[in-house]
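Each ligand, and each atom within it, is numbered from 1 in the order the structure gives. By convention here, the first residue in the shown sequence is residue 1.
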Amino acid sequence: MDRITTDQLTRMLVGTGTPTGPLYRRLSEGLAELIDRGELPPGAVLPPERALAVALTMSRTTVVAAYQELQAGGLVERRRGSGTRVRTHARHTVSSRELAGDHAASQFLDGPPATIDFMTAALPSLGIVADVAASLTRDDYLQLTTTHHGYHLKGLPSLRERIASWYGGSDDILITAGAQQALELVGRGCLQPGDRVIVEDPTYRGALDAFARTGSRLCTVALDSAGLDVDALEKLLVTEAPRLVYVQASGHNPTGVVMTADRRRRLTRLLDRYDFILVDDTSLAGTAFAPTPSTLGTHERLLTIGSLSKVFWGGLRLGWIRGAPQTVARLAQVRGISDLGSSLVAQEVARRLFDHYEDAVAERRTTLPVQLRTLTGLLQQHLPDCTWQEPAAGASLWVRLPHGTATQWSQLAQRYGVALLPGAVFGSSDDHTRIPFTLPVETLRAGIERLSRVATEVVGYPTDAARVNP
Ligand SMILES: Cc1ncc(COP(=O)(O)O)c(C=O)c1O
């Protein structure tokens, strides 16, 4: 018998249901969604009403009403003494979420949500993307379509050369559909079920998804304002013998930390003493507020992942893996199983955009710190008990919440029309959330003002929970 704990269920519920309507209905819809997706399997016993009410900061009557709604819909059965259980023949319809799976990508499936979206930390496109795309003439397309058969597993040769020479050195380049596909390929190509993978605490959730799906076991290493704790990593290399270590040395999502030169040196030296694959995800490198190296160098077991999403535009879906030629060749074969290469048109646009890379980075470096100051100003004004470490890169702030759990905050925030990610999603303790600062100022202000009301409710919780009626 599957007994679902309140803790498990509150995490599963994040992002489910509809953002409007009576609270009990939103909860019952969220639970129905989880049943539909099979995440709450037939026979699973749901948490007691009172415990779930406390965890979700809502009244017990709200939870009772939600359970009753599910019972009326034939999804659960309720027996005195044995609680609420998912029925064996609960309705099963395929939802878009089921098709997507419960991973980082789900948020992009249904288009922009109606609420203020603090979940996504995407950067707006730079104008140069449209300029360069519009500069392609019929002759350019003719050249592209007549010179190539169109299938380049590793990517458009001229773009790969451009990126390789941008780095310098002899490593090879595999063009991917964004850094996310790069992570997925590295997971599929380098990991076996049961392998150990070390990630920073916290880390990018899309990486957690990509690695967890290979059946590897993840363990975390601490991160501070200078980057990953290299001494702690070395101990783990000895005790855990990991197959792969995943870092973000040139700009870290979600904290915005940039690794110091000393730590970078000590980290890469470990490659000579221990047998592991080091994956450096440099997706945020172009958003660093000060000049930052965009690679840890070269080594036969170092893979550098890059992306144009943050510097130019996520819609290009253009990323890459830089690594030793034999590794790149193997990953290209893995890629060929699911797709035969990225669009050559997008790659040609990307190739031309590289001529503007330094200007684009300079533009990000000018705007991002200003937007960060706007957010920190709003936080100081409306949420003065929140704390954070000043980021050195990226488009979001990793904010420590003064009380309650971030899962409670995100549940309450949904009621105020703010979509918020709890820190647990980043594989970290649940006392942080990540707030993006690239939204328009008015949206940012409205979102932070709404969160200040959430703060008041979280302080009142749990004694005040009964105040919220269905
Ligand atoms: C650290 C990190 N890696 C990878 C990605 C995925 O980026 P892309 O849009 O290139 O797939 C992101 C996007 O937020 C990221 O922050």
What protein heavy atom lies closest to [atom]? Include the residue and the distance to one decimal.
atom                    : answer
atom 16 (O) of ligand 1 : N253 ND2, 2.7 Å
atom 6 (C) of ligand 1  : Y204 OH, 3.4 Å
atom 2 (C) of ligand 1  : D281 OD2, 3.4 Å
atom 1 (C) of ligand 1  : Q248 OE1, 3.1 Å

Ligand 1 atoms in contact with [X] (distance to a heavy atom under 4.0 Å):
X    : result
S307 : 8 (P), 10 (O)
R317 : 8 (P), 9 (O), 11 (O)
K310 : 13 (C), 14 (O), 16 (O)

Ionic contact status for R26 with E29, cut-off 4.0 Å:
no
Pair D355 + R162: basic N to acidic O under 4.0 Å:
yes
Test of understanding: given a 4.0 Å heavy-atom threshold, classify the contact between L284 and ligand 1 as side chain, backbone, both, or neither.
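For L284, the contact with ligand 1 is made by the side chain alone.
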Using a 4.0 Å heavy-atom threshold (strictly under), name the region of A179 that reaches ligand 1: side chain, backbone, both or neither.
both
Have a look at S309, P254, G319 and point out the one with the heavy atom closest to atom 9 (O) of ligand 1.
S309
By ring-ring contact (aromatic ring centres under 6.0 Å, His included), which residues pair with H382, not counting sequence neighbours?
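Partners of H382 by the ring-ring contact (aromatic ring centres under 6.0 Å, His included) criterion come out as none, since no residue qualifies.
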Hey, what's the ring geometry for [X] with [Y], parallel, tilted or perpendicular (30° and 60° as the breaks)?
X    : Y    : result
H432 : W398 : parallel
H403 : W409 : parallel
H152 : H148 : perpendicular

Polar atom proximity, S283 to ligand 1 (N or O, under 3.5 Å)
yes
Looking at residues at least two apart in the chain, or sitting in another chain, which of them share a salt bridge (charged side-chain N to carboxylate O under 4.0 Å, His left out) with E348?
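E348 satisfies salt bridge (charged side-chain N to carboxylate O under 4.0 Å, His left out) with R351, R352 only.
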Against the six-membered ring of F426, is R434 placed for a cation-pi contact (under 6.0 Å from the centre, within 45° of the normal)?
no
